[in-house]
Structures are given as structure tokens and as C-alpha cells.
Amino acid sequence: MAPAVLLPEAAILLGAVAALLSGSFLPRRRQYVARLIAVAALAVAAGIAAVPAGGGDRLGFDGTYAADTATTAARLLVIGSTLLVIWLGGDELAGRARESETYALLLLSGLGAVVMAGANDLLILAVGYLLGSIPLYALVGLERSAAAAEAALKTYLLGALFGITMLLGVSVLSGLAGATAYSQLATQLAAQPPAALATGGVAVVAGLMFKAGGVPAHFWVPDAAQAASTTVAAFLTTVPKIGALVAAYRLLDALPPSVDWPLLMALLAAASMTLGNLAAFAQTDARRLLGWSTVSQVGYLLLPVAVAGRSDLALPALLLYLAAYAATNLAAFAVVAALPERRSLASYERLSSCRPWLAGALLVSLLGLVGTPPAGVFVGKLTTFAAAWDGGLPWLTVVAAVNTVASLFYYLRWLGPAFGMSSPSGAGATSGASRPYAEAAALVAAAAALLVGLGSGLVWAMVDAPLLR
Amino acid sequence: MSAVFVDVAFWVLSVAAVGFGALVFRVDSMARATYALAVSFVAVGLALLLLGLEYVGIVTVLMMVMEMAIMAVFMVMYMGMNPALMPMNMVHSPRWAAGVAATTFVGLAALALLVPWPARRGAPPVDVTTALGNAIMGSKMLVMLTVSPVLFATLVAAVVLASARGRYDRFGDDLSRRPADDPAPGGVNR
Amino acid sequence: MTLQTVLLVAAALFAVGIYGALSQQVVVMVMMGLELMLNGVILAAGGFWWFLAPSPDGQVLLLVVISAMTVEMAMGFAVATLLHRSRGADMTDMAADLAG
Amino acid sequence: MLSLVVFLPLAAALPLVAVPRIGDATARWTWVAVTAADLGLLGYVWVRYATADRPGLAYEEQLRWIPSVGSSYHVGVDGLSLPLLALTGVVFVACAVYALREQRRPRQQAALNLFLQTTCLGLFAAQDLLVFFVFFDLSIVGMYFVIAGWGHGDAARSALKFFLYTFLGSLALLLGFIGLYLAAAPHTFDMVTLTRNPPLRDSPLVGGLVLAALLLGLAVKTPTVPFHTWLPPAHTDAPAVGSAVLAGVLLKMGTYGFVRIAMPMLPDSWRAWAWVLIAVGIVSVLYGALVALAQRDLKRMIAYTSVNHMGYVVLAVGAAGVVAPDTTAARQLAVTGAVTQMVSHGLITGALFLLAGVMQERHRSYQIDGYGGLAQVAPRYATFFGVAAFASLGLPAFSGFIAEFQIFTGGIGAAPVVAVALPGIVVTAALFLRALQRVFTGPLRRQSAGFVDISPAETWSTGLLLALVVFIGVLPRPLLGIIEPAAATLVHQVGR
Amino acid sequence: MSAAVLGLLVLLPALVGAGLALCGAAADRVARSLSLATAAVGLGLAVGAALTRPAVSMPFLPQAGFGLGVDALSAAVLPTIAAVTLLVLVFAAADIARSPARFHGLMLIFAAAVTLTATATTLPALLVAWEVMGATSYALIGFEWQSEERVGAGAVAFLTTRTADLGLYLAAGAALAGGSGLDLSGLAAASPGWRDVVCAGVVVAALGKAAQLPFSYWLSRAMEGPSAVSALLHSAAMVAMGGYLLLRVQPLLASTRWADVTVAWAGALTAVALGAVAVGQRDLKQLLAASTSAQLGFVVLAAGVGAVTGGTAQLVAHAATKAALFLAAGAWLSALGTKRLVALRGAARRWPLVGVAFGVAALALAGAPPLSLWATKEGVLSAAREFSAPLYAAGLVASLLSAAYAGKALFVLWGDDARPAGADRVGAGRTVPIAVLATGAATLGVLALPPLATADPVGLAVAAVIALGTLAAVHRWGVPEPDWARHWLGLERAANAVVVNPVLGLAAALARFDDRWVDGGVVAISGSTLRFADTAALADDRVVDGAVSALGRGTRALAALARRPQTGQLHQYYTQAVAVLVVAVAVLWLVS
């Protein structure tokens, strides 16, 4: 049974409930108490997660939940990312009518991501999906603007559709295997008809793609990134992916090789990165551009998933890349959050002269997303490329490399004006009110993005352990 | 239950489920569509009973009937429509939709018919519902443990999305305004 | 009643649901399409349970599916309400500003 | 010690970035002081290395970075890298002195260039593929900002082109590195290990593909025909300092990659592909020279001569891959010449670009036909430019001759077809004489009026470079003595 | 000690020259005296070196040391170079008024390079000297840089000789490959195939410097430089070094079956053809220039037929002769401002001292006995006679022509019709060197004495008869001046048509190609970048103008295409998503 396995999750859940309840009694301007509660809960959860309770990796709840290295990494990443999101939203959310609810929803959605990452059973995976998605719809719609409502609608409808396909897939797979636990999937499915296996697998993977924001379920990502509040946009482009990709890795690791899963994931990866990059080319809205860029990033992140179990590098590479990606992406969104009046790329004109530190953070984050060393994403890309090649998909590595070059183009379209290089005439938007939380978060996240790269040896050592099943 | 009865019942229910399902998109008002959907669900719920899933079948029937009732109410309340009277033909590109649906059906049907499904493993427990209960409290406890935060999240999320006016609109920024500032006064002791 | 026939019916329900989800303009009608798809999934899951593996897992799965249906529908109503309030729209076509 | 050399500029750059109150003059002189100090350290390293008995890797430092991936922070110097490290130090000192007159954001410029210097030094010191790549990529980033931030004309566009193009190259390089890494058993990125036990010896196909990826990446950076088209616009629109660094140091990263990575780690594939390299080298030499001959823009012309000069290097390393039993001496000569050419080209072209920058600074134009009779109003400028031009066209007593003579002698000795590239020497001479004639001689033409002769900062910066050019040209032994043992080792490695 | 002499011999003028040239105007005041002193010391050192025959070698490049040495050949040539240099510099000190520091500096560097050429014993050393010589010749010919014409002439000289120099690069590579090492004396030991390549390379380089056919035209253009430069360049220095190199590598030539014959005929043909060209000239300096080629032809012929001593004697004697002639021409040019023969008629009478010296030198050039060239030429021709009869015949024709052009100049200048107007006197600074050189021209025939002792008196007599007879004929009837000869056989035009213009055309075409095609793809991408990256103000009017290639178009189109699926219409998202899933399942079904 070992309920202690779930202590971090419990802490997050309690934090969500407490934040929500406290909000009911707090005056509008003093909702920071709810924020503190949420932060405290996350900190406690992180503390528990970081100290392996009861000694190291183990399974819990009759093997339905794997509290192994990957889960620990996902927990810490989700918690860290959520903390950063709350931090960077400190200015935007303060005093909002729904501030406390936002914290509760963020925690709940994060909890869903953690549960997905740790799920060692199809049913847990499905429930984790629900837990992650439902608060997400609300978060997207929280802004209550027309665009936010539209984005919420699209997020919801896509989420519902892919939730259904996921349940369909779970039904098929569990029917074939006669059980839902991954340990049994691995043994039972090997002898089953590949056609049915393929159908079920694709259906489940499709659901995971929704959470990850990859093709073919990527449609909501740019819309939500553009229309939701910056805080939420940062969250939904980061945290769900962590859960979904670790879950995908776990699942594909468990599925038998009678179906060409690497090919499926490779095609989805290639499609995601290519589509995301190309669609980002001509975007003019910074957040929409970031939204598309996350679609392409998922493509790279799917590389190790595609070779799950076929290369020793794959799992640590995935986790390392996720860590680097989370920090880097959040840094970019934090910069956006710090400059709410600048929505279009052109409005970033001359950022370097009026806000040099923010410009620096933007530089680190965008070049980091490209994969410029020594930022973490570089090591992530390097190791995922190596893993994909090692796992028998060298062509995918080449596609990813070409895509990386293409991606440079649109990131530079943003950096160019920011560093005052295109036209001297542009009347750079005068910086509005200071947003200290977001600025600090941007710097911290950018520093983290660099540190993950420089300290990648440490990170790698921490995440280099096999999955439990 | 004799096999013949089961077969007949199954086919009747199947035809009802699919037929009423199709009817959902043929009728010209949302209310009727809701009723058709409810019938379809009830048919499937009953079919589950045929498959030996007593508890789950009943739950399905009950849940879906309730849900459809809510849906009808919802439409009247929020959408401001008189469901019975609004003629409705609001579709786009039905050909595409039909094409995709047909392709999906062909694919799934081919899967259902052509795949050599494995033989049955194990026998149904004597008391299906008890087995379910044991599973929920035992090996699959975590599933249900996780469903509860899902429900909690749904509650919060739905309220946050659906209600335009929060507590600060009603009670003021420091929650001290009494009585609440509601457009339509109500509540206990009012 | 064999597994094949059950699955066939389930597939039919699923396909009808897909048709609805793809063709309907009104949000609530799209949701009905989704419900029908889930309806098919429920039937298929029941079929799998009975014919392939009558283990408790299958039942729990059905419960999960039903809960999923419920909570997703609840969210659907909430989102539809939000859309109605903020845009005065109840159709997906009317919410198509975010593109490209 | 070596890390100090590498990171000293970066350490100095940080306060320059972080403290906005640092005055312009302070920033400029800080830059000069730091580069000078770094050059001093490099001089110390040089002397110690030259006087040490044991050739090979010295000043080695190794720190764990990503041990599980087989990568570490591993640096060291040997006869191949030391000359280029020194070159980097010298070029940056010259640039720092030259930029003493810079009015546009000197603080940021100093910081950026110091950062750039660290990346260049780090690259040449790297003994680990990942470390190499890190600095390789960062140098691109740094140069992008140098061009975009301090360039003129269509700088944003040229910078973007530069970035995209060379970034493409760097990713090809990365793919090649991954290939090497995966082929090594156990997997490692360590250059020393990979050189000692070259992977992929028995799989010509994969080896060829990996080499192709490496070559693509390095060829873009070098650049060789047909991957050179980023170079002319980048130079044309770059500031003088940026051009000098770009041509003087950054281009060498490509050719340094040949001798440091591609040749010793993939000897079999290198030998198999040597003819391709020779062909590319020949085409680059002739094509670069001919296209340069047709240019009307002085800076573009110099840029194309870079294609020509770097083509000699490719030619030489290609010839070094044509292994025959009795040509060892010739191949060593060719490799020595190639490394000498890197140093020589760095110094000469650095000087030429700095001098070309004077034109931009005075009259905002590089058009050859716009000037004429400049020697009349700017005699010192004419002298310096003439010296640099003659050095560049390979006149004896200048370093270029030392390099080209070795390249051709050794190259022809190893692979007679190299002789096809000989006319490049004459075409280069022709184009420089033409340019000199148009710009400096004849009657005074419109643009030349009011041209102020070069200032002390310009004189000292270019003078430093040209003095070294002459020094190497007259007394090549100190340099060649460092290079030769390393070249011999390399030739042995390629031949094994 | 002796090594120091050798080093100083080269380094002293090089360093002083470089210093002067770099200091420029600042050193003008001391330039002349410093330069003359240096040259005088140089002469002393040269004599010393010729007597002590030192040799030195130092490491330079791997596999290739930097070797210097003096042997019998260079012992004869070195003092000549030093002496002519000194005398020419004395003349120049009086003649060149502008920028003396730069002029003398360059002259000294030039002299140092020539000295180095004469003493080089290894290919790298030779090539260093060879190229520096070419480059300084460029700077000297284009000394008056205000005239683009003159700078262009320098460029032609440099580029032509440099083209030929490629032969030395080739030779060096071949020598290394042939296993002979880079010592000049050892080149003949290269393995047979490579030896031919080495030999060919050296021959081409030497023919280029010596202005033999087909490279002769650069000499004509070089006449645009100052007279002092011409005097040095044509007599003891650059041109002579071409012949000198062939003499030095004579064993190499002899070791192949073809090189000696080829070289001999190249020399003979040049002597004939350029002799004819000289006859056709109407400009004194052009006449002398063509005669240089022709006279060097005898040296080259000597190298071909193995008459090293005769060739050396010819070289030395010619050096003195030609230097005297050029200086005299320069003196008159300075005094009268013209070098056209018509305008110079009677000049010798007006300045008799210079005139007499000129006359002696011209007679020597004509091969009149007993002056030097009569003897030395016969030293060459006698060897040719043994080598082959046609070669000897060609030599005789060339002798006849040399008498013709020498006579032409002589009789015009000593003509009595008119007395050209101009400055009154030619200073001692100019006269003395001319006189000294003329003396040398008259007497240096002694160098040829040792072979003459064994020479065939018939041959000497024939030569004397030809020379005197031709002189008489020229005096009586004059000479024809055919167009082809006057225009230097159209060599420069041919070089332009065959080499220069095609190369320039190719360069222009390649440049266009480079801009339009090689760069096209990238241009297109950046074009679109520009459009996006710049703000609206700049965007539309600077859209990619011309070159939009497939790659750029394709990428842009793809980027636009990639945004198309994001229609904003939810049901289309649904359709796409379901379609992708269906396809994915289908693909997996197919591959499984």
C-alpha cells in the first residue's frame, strides 16, 4: 500500500484546498496569504519529494504508482515550475478577484501532471489526465476576455476529444492485456494482435499529445498562450508537458515492440517540431510565437520518448531536457510578464537599452530555446539527439537539427528589435509600471536555464536511473 | 437469462442506442436531441447489464438521465432558449464530418471484426459488485483517491468559469459589505 | 452477442459521435457528440470486460469513464456559460478569432 | 593557468556589463588593459611551452562536467592550438587599441568583445568536443551581436545571414560530434581519447557520413566554396573590429577543426575523402581569388580573398590526407604550412580589415572607384595598406609567403594536383595591385579630398599586427618550431 | 666571420633600405648619403665575399633550410651587382629629386634582393629573393605613383614575372616529391619524372625574369620607371638574374633530355626576335630595353649549351654596358625631357663626355672588337657552334641585329643635323658613373679571356666582321622600322587577349554568379527576414527586389502553409486531429 509514497502529492492537494478556503475569508488585497499558503505547500512537497521518503525508489498502491527517479524528477520539476509561475505572476495576479482560486487551480493542475508522470497504471494515467486538464480549462478562461473565452473553449473541446480517445485506448489496451498495470501490459500485450495494439496505443498517445501540446493535438497551445493571462500561459506551456512526456515515456517503455512505436513517435516528433517552427516564423505576437515555439520544443522532447527503452541515454536525456526547457521557457514568459504593455515583437524595440537585465534574460531564454550552449537546452538537445541516433533514428536527429536552424530565425526576429538593431526610428514603448516579481522571476529562471547546462553533470547524475515498473 | 433473450435484447438495445444516437443530430431542437441522447445512454446502460455489469450499468443509466436533465435545464437557464421551440439546423461541412466518421467506423469495425481477439482470461466473479468494491478499496484504491481531487477541481473550475461575479463583487473588496450586492436578491432569511 | 457485435455497435456509436462532434456548430451539440463517443467507449469497455477479461480492473475503468464523462460535461457547461457571457455566442464558429 | 587565460576576458566583461556607470574612457582602457594582460599570460605560456622538453599536450586541465555523458571541461595546449591562442590574443589587443576611438556604446562593445575573446580562446584550448562546441556556438552569438550592434549598412540582415548560415554549420558539426561520441566505446566526447583511439575505423560508410557532417560544419565556418556567401555581406556590414575578429580568429575555427578533430579522429575517412578536400580547396583558392578580382567594394574584395586564403589551408590539409610512403616529409610541410597560414591570415587580414575600417570611418564608403590618389593626403595609411596588401599577396619577408610556400611545396609534393591552384597566387597579386593602384595612386579624386591620415590608435593597432607579420616572415623559426612537432604527430595520426 | 660577411651583404642594404622606405619623408635629408655609404660598404663586402667564398645555412622552413653561398659563378656576379648598384645610386642621387628616402630605400631593398638571389643556394632562399625582387621592381617602376600609367606598368612587370615565378613554387614541390631536397645544386638528383617538372618550373621562372619570349613585353612597360631604375633593373639586377639562374642550374638543364635544347633555342630566338624589335624602336629607352632581352638571350643560350663561363662573362659585360647606356639615356632624358630618338639627334655632340661614354658602350653592345661584348658573345657562340649549327646561325643573326640597333642609336645620337635645346650641363654626379661604366663596358671582355685563349680565331673574326659590317651598313643605309617590331611583336596585346582579359571576364562572370546563384537562396531568406524583422516603416518598401530563389520562396511558402491549418475553426481542428490519428493508426497497421 505504502501511502507515504504519495506524501508530496498530498501536500500539494492540501495546499490547493487550503489556498481555496483561505481565499474565501481574505480581503481582495490580502490574498497574498493564499499565495503564501500555496508556496508553502509546494515547498513542503518539494522537500518531501527531494528526500526519498522511506528510502529510494519504490512502487506504491499495489504497483499502480511508481515513486522512482523519474517521478521524483517530475515532481520537483512541476513543483519548481509552479513556484516560478506563481512568482512570475506575482504582479499580474495580485489583487485579482480570482487570485486565490488561481493558486488552487494551478496546484491542482500541477498535481495532475505529477500523477500522470508517476502513473504506472492506465487508470491512474487517465485520472491524472482529467486532474491535469480540468483546472487548465478554468485557468485559460480566467481572464474572462473574449479571446480567453475562445481559447478556453478550444482547449476544453480538444481536451475532451482527446480525453475520449485516451479512454478508448485505455479500454482497448486493458481489454487486450486483461489488466491495467504497466507491469502486466508489458508481459501480456506481447502476444496480442498488433493491429489492436496499435489502435489502442495511438489512442492513448493522442491523449498524451494533448497534454504535451504536440501534433495532432497542438491546436489549443498557441491560442491559449496568446489569450490567457501570461501567468497561465507560462504554466500551461510548461507543467502539463512535464507530466505528459514522462508519462509517455513510461507508457512506451512498457508497450511491447510488436508495433513500431518509435516510428509513430518519430513521425509525431518530426511533425510537431516542423509545424511549430514553420508556424512560428511569421508570428507577430510574442506570446503566440512562444506558444508555437513550445509546439516545436515538444517535437524535440519526443525524440527520447521515441527511443524509449532503446537507448540508455533516453530517459536521463528527456528529464534533463525537461528541466532545461521548463526553466528556459518560464524565463521567456517571465520577461513577457514583466512587460505587459509589450505584446507584439516590434514593441520590444530597444529593450536592451531601457531594461538591460530583462533583455539579458530574454537573450538567455530565447537563445537557450534555440539550443545555444551552455544553456541547459543545449545539453538537452545534445543528449536527446544522441539518444535518438543511438536508438536507431539518425534521420530524426537530422530533421531535428535542421529544424533547430529554422527555429533560430524567428527567435532572432524577436531578439533583433529587442537589441535595437533593426531600425533606429522605432519609438520603443516606454516601460510601464515596474513588475518586480516578474523581473526577478525572469532573472532567476534565466539563471536556472544556464545553471542546468553548466551543472548538467549533476543533473544527469540525479536523473540517471532506470524506471520502476 | 437464455441466450436467445440476451441476443434479442442486445440487438434491440443496440439499435436503440445507435438509432437514438443518430437521432440526436437529426432532430430540430436541442431539447429533443437531449432526450434522444438520454435514450441512447439508457440503452447502453441496459446493455451493460446484459454484459453482467450490474452496478456499472445502473450507475450509467442513473447518471446519464440526471445529466441530460441538467443539460436541458442548463439550456433553458443560461442559453435563454426555449428548447422546444428553437428550430435548429446548425451544422458545417457535414460531408467532411460524415466522411471522417465513416472512415473511423470502417476502421474500428474492421478492427473489431478482423482482429483475432484473445480468449477470455479468468471467469467473472460471482458477485461482480463486491469484486468492484474490493478493487476500489484495494488494488485500485489510488484511482478513486485521485478521482476525488478531480471532482474537487471540477467544482472549483466550473464555478470559476461559470460565475461572473465573485465574492468581491458581492461583499466588497474587504468582504465586509452586508448584505451582499446581488443583482437579484435572494438567499435564506431574506 | 459476441465481442465482435458489441464492438461493432460501439464503433457505430463512436462514429456517430464523431460525426456530431465534427459537424455541429453549437457548443452543446458538439458536447453531445462527444458524449456519444464516450457512450461507445463505455459499451466497448463493457464488451472487453465480459468477453476478454472479467477482472475488477475493467469495472474500475468503466467507473473512471463515467466519472470522466460527468466532469467533462460539467466543464463543458461552464465553458459554454463563459463563452455565452463574454462573447454572447454559443457556436464554435463565432469564436474563431485566434488563428494562424 | 590556461583557464585563467581563457576566462580572464570574460571575468572582466562581467563588471562591464553589470555596472552601467562605468565611463566610456574607463571601458575602452579596461578593454585594452585586459587584452594586454591576457596576451602577456599567453606569452608566458608560449615561452614555457617552447622551452619545455616534452612536446604534446601541456597546461592540461580537466574538470568533471557531464561525466555520465563522457564529457568534461578539458583544456590544454599543443603545437596546433598554441599559435592560434596567441593569434587570438594579438588580434584582440589590436582591436582593443583600434577601438579606442569608438564612440558608439564603448562599454558594451568592450564587454561583448571580451566575451568573444573568451569564446575564441576557449575553443582553441578545448580538448573536449562539447567544450569545443560550446565555444564554437557562443562565438557565433557574440559575433552576431557585434555585427548587428556596431555594423553599418544593412547590418541586421547581414548579421542574421551570418548567424543562420554558421548556425547551420554548427549543427552539422554537432551531428558529427554525436556520431563520434556514439561510435566511441565507451561513449566519450574527450578529444584526447578519441584521437588516441579513433572510432569508426572499420565502417567506411558511417565514418564517411560523420566526416561529411563535420566537414559541412567546418566548411561553412572556414568558409569554402560554395558555403562562403555569408562572408562578404557579414564583412561588408560589420564594424572594423568585428571584421578583424571574424576574419582573423573566427574563420580559423573552421580550419582548426580540420586539424584538431576531423583529421586525427577519422583518419580513414579523411584519407578516403582527401581528394574531395583538395578539389574544394582548389576551387576555393581560384574561385575566391577570381571573384575578389571582380569586386568594386574594397571590403568585399578582402572578404573574398579570405575565401582564397582559407582555401590554401583546405588544400594543404586535403593533401595531407593523400598518404603515400615516401611523402611524409611533404605532408608534414603541408600541415605546418596550413597552421602557419591560419596564423598568418589572421594577422594580415585582421590588419587589412582594420585598415579598411578607416575608410568607413572617414567617408562611409568602401567603393574602390570612389577613391584615388589617397597616398597624397594619407601617406602613412598608404604605406600601411601597401604593406598589408603585399603581405596578403604572399610576398616573401611576410608571413603569408612562409605559409603559402610550405603549403604549395608540401601540397605538390604530396598530391601534384595541388599545383592547379598556383594561379591563385598571381590573381591575388593582381587584385591587390589593382586595388592599390585605384585607391592610392593617380590624381586625387573626389572621395579622397579631406581624408585624414590614420590616427595613433589606428597606427598602433595595425602596426602591431603588421610587425608580427614581418617578424614571422623573416624569422619563422619560433613559430614553426612550435608547429612542426604537432604537424608531425598529426601526419602520423592521419597516416595510421 | 665569412658567414657574417655574407649576412651583412644581404641584410645591410635590406635593413637600411627598409628603414628609409618606411621613414619616408622624415629621412629624406640623410637618404642619399646613407644610401651611398651603404652601397659602398656593400661593394666592399661583395668583393670580400667573392674572395673568401663563404657559405652559410640556417634553418628556415621544415625540410628547407635558408642557404647562402658564394661560388665561382656568384663570385663574378656579386661584385658586378654591387658596383653597378653603387654607380647607379650615385647617378640617382643627382637625378632623383623627389622622395629620395623612399627611392633609395626601395633601391637598396632591391639590391639586397638581387644579392640574395645571386648567393642563394636553396630554393626557399632563392624564391624569397626572387619575389621580393619582383615586388620592389613594381614599387620602383611605379615610383612616381601620381601617374596611374606608371603604377600600371609596375603592376604589369610584377604580375608577369610573378606568373612565371609560379614555376619555382612548382619546382619546390616537385623537388620535395622527387626526393632531391631543396638545394639548388642537388636538384638534378631528383627522380626522373619529378626532375622534369623541377626543371620546367625553374626554366619558366627564369625565362620570365629574363624577359625572354614570350614574357618580354613587361620590359617594355618597365621603361616608364625612372632611368636609374631601368639602368639597375636591366643591367645587373632583375633581368640578369633570370639568365643567372639558368646558368646556376645548368647541370639540371643538362640532366634532362629536353631542357637544354629548349632553353638554348628560347635564348636564341629571343636574341633574334627582340633584336629585330630593338631595331624597330624609335624611343631610346625602348630600344635599349629590347636590346636587353636580346642580349640576355645570349646568356640563356649559353646556359642551354653549357657555356657557363661564357654566359657569365656575357652577363657581367652586358651589365656594365647596359647600365652605362641607360644612365646616359637618363641623363639626356633629365636634360631634354625626351627619350624619342628623333628629338635626341645630336645630343651626344652637345654633351660630349656623356656622348663618348655612350658611344663606347654602344659600340660594345654592337660587338665591335675589341670591346667586351665582342669577346664574351663569341665565348657563347663558339659553344653554340659545337652544340648545333642552326643555333649558331641564329646566334650570328642575333649578333648582326645587335650591331644594327646599337648602330642605330649610336648614329642618331652622334648625328649632326640639329642640337637639341635643354639644360646646359650634366653634373658630375651623373657623368662619372656613366664614364666608369663605359670603361667597364670596354674592358670587361677580359673576363672572357680564359676561354678565348682556346677559342677559335675564325669565330672571333666572323663576329668582328659582322659587327663592323653591319655598323657600316647602318651608317650608310639606316635601318627599317617595321610595325611589328616597333610594337614588340604585339606580345602585350597577345597576353592581354589570351590571359588577362579572359581572366578578368571570368572573374566578373564568377562574381555575378556568386551574387546571383550561390548566394541566391540565402538572399531570399534574409529578404524575408528583413521584411519581418524590421518594423512596419521599413517593411514594405524594401521587399526582396530581385533574387528570390526556390529555397527562400519555398521556406516562406511552407511557413505560410504551416499556419493554414490553424484556422480558428474548431470543427476543422477536430477533423484534422481525427484524420491524423486515423492515418497514424493506418501507418502502424501497415508497418506492423
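Chain naming here is simple, since letters A, B, ... match the order of the sequence lines and numbering starts at 1 in each.
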Within this structure, what is the CZ-CZ distance for the pair C:F51 and B:R121, rounded to the nearest 0.5 Å? 14.5 Å

Other residues, nucleotides and ligands only: do more than 12 of their heavy atoms fall within 6.0 Å of OH on B:Y35? no

Can you tell me how far apart CG (C:L8) and OG (B:S14) are? Round to the nearest 0.5 Å. 9.0 Å

Contacting region of B:L132 [heavy-atom separation from chain C under 4.5 Å]: both

Given that the side chain runs from C-beta out, which part of B:S40 has a heavy atom under 4.5 Å from chain C: side chain, backbone, both or neither? both

Non-hydrogen atoms of chain C under 4.5 Å away: do they reach the side chain of B:V128, the backbone, both or neither? both

Under 4.5 Å from any heavy atom of chain C - which part of B:A153: neither

Any side-chain to backbone donor/acceptor pair from C:Q59 onto B:T129? Under 3.5 Å, distance only. no

Contact origin within B:A119 toward chain C - heavy atom pairs under 4.5 Å: backbone

Under 4.5 Å to a heavy atom of chain B? For C:T2 that would be neither

Picking from C:L82, C:L62, C:L52, which has the most non-hydrogen pairs under 4.5 angstrom with chain B? C:L52

Do the side chains of C:S23 and B:W96 get nearer than 4.5 Å, heavy atoms only? no

Among C:V9, C:N39, C:V16, single out the residue with the greatest number of heavy-atom pairs under 4.5 Å to chain B. C:N39

What residue, out of B:I136, B:L113, B:V147, has the most heavy-atom pairs lying under 4.5 Å from chain C? B:L113

Determine whether C:L63 and B:Y55 make a side-chain contact, defined as any pair of heavy atoms from C-beta on separated by less than 4.5 Å. yes

To the nearest 0.5 angstrom, please state how far the CH2 atom of B:W117 sits from the CG atom of C:L3. 6.5 Å

Given heavy-atom pairs under 4.5 angstrom as the criterion, report whether the side chain, backbone, both or neither of B:F10 touches chain C. side chain

Most contact-rich option vs chain C, by heavy-atom pairs under 4.5 angstrom, among B:L53, B:V18, B:T104, is B:L53

Select one option (side chain, backbone, both, neither) describing which atoms of C:V6 are under 4.5 Å from chain B's heavy atoms. both

Looking at every non-hydrogen atom in both residues, tell me the closest pair between C:M32 and B:A33 and how far apart they are. SD-CB, 4.0 Å

About how many Å separate CZ of B:F5 and CE of C:M1, when rounded to the nearest 0.5 Å? 11.0 Å

With chain B as the partner, which of C:I42, C:L38, C:I66 has the greatest number of non-hydrogen pairs under 4.5 Å? C:I66

Heavy-atom pair with the smallest gap, counting every atom of C:M75 and B:A158: SD-N, 3.9 Å

Exercise: identify the closest heavy-atom pair between B:L51 and C:G46: CD1-C, 3.6 Å

Do B:V56 and C:W49 pass the side-chain contact (heavy atoms from CB on, under 4.5 Å) test, and can you show the C-alpha distance, the side-chain angles, and the key distance before you say yes or no? CA-CA 12 Å; B:V56 176; C:W49 180 80; over 6 Å; no

Which answer fits B:M66, side chain, backbone, both or neither, if we ask what part of it has an atom under 4.5 Å from a heavy atom of chain C? neither

Could you grab the distance from atom CE of B:M63 to atom OG1 of C:T70, nearest 0.5 Å is fine? 3.0 Å

Just so I understand: if I count every heavy-atom pair under 4.5 Å between each of B:A131, B:G45, B:G52, B:A47 and chain C, which residue has the most? B:G52

Work out which heavy atom in C:P54 is nearest to a heavy atom in B:R120; give both atom names and the distance. CG-NE, 3.5 Å

Looking at B:V44, B:D7, B:V143, which one has more heavy-atom pairs under 4.5 Å with chain C than the rest? B:V44

Rounded to the nearest 0.5 Å, how far apart are CD1 of C:I18 and CZ of B:F105? 11.5 Å

Between B:L108, B:L155, B:T154, which residue shows the highest count of heavy-atom pairs closer than 4.5 Å to chain C? B:T154

For each of C:P56, C:A12, C:A53, tally heavy-atom pairs with chain B at distances under 4.5 Å, and name the one with the top tally. C:A12

Heavy-atom pair with the smallest gap, counting every atom of B:G21 and C:L36: O-CD1, 3.3 Å

Which heavy atom of C:D57 sits nearest a heavy atom of B:K140, and at what distance? OD1-CE, 3.1 Å

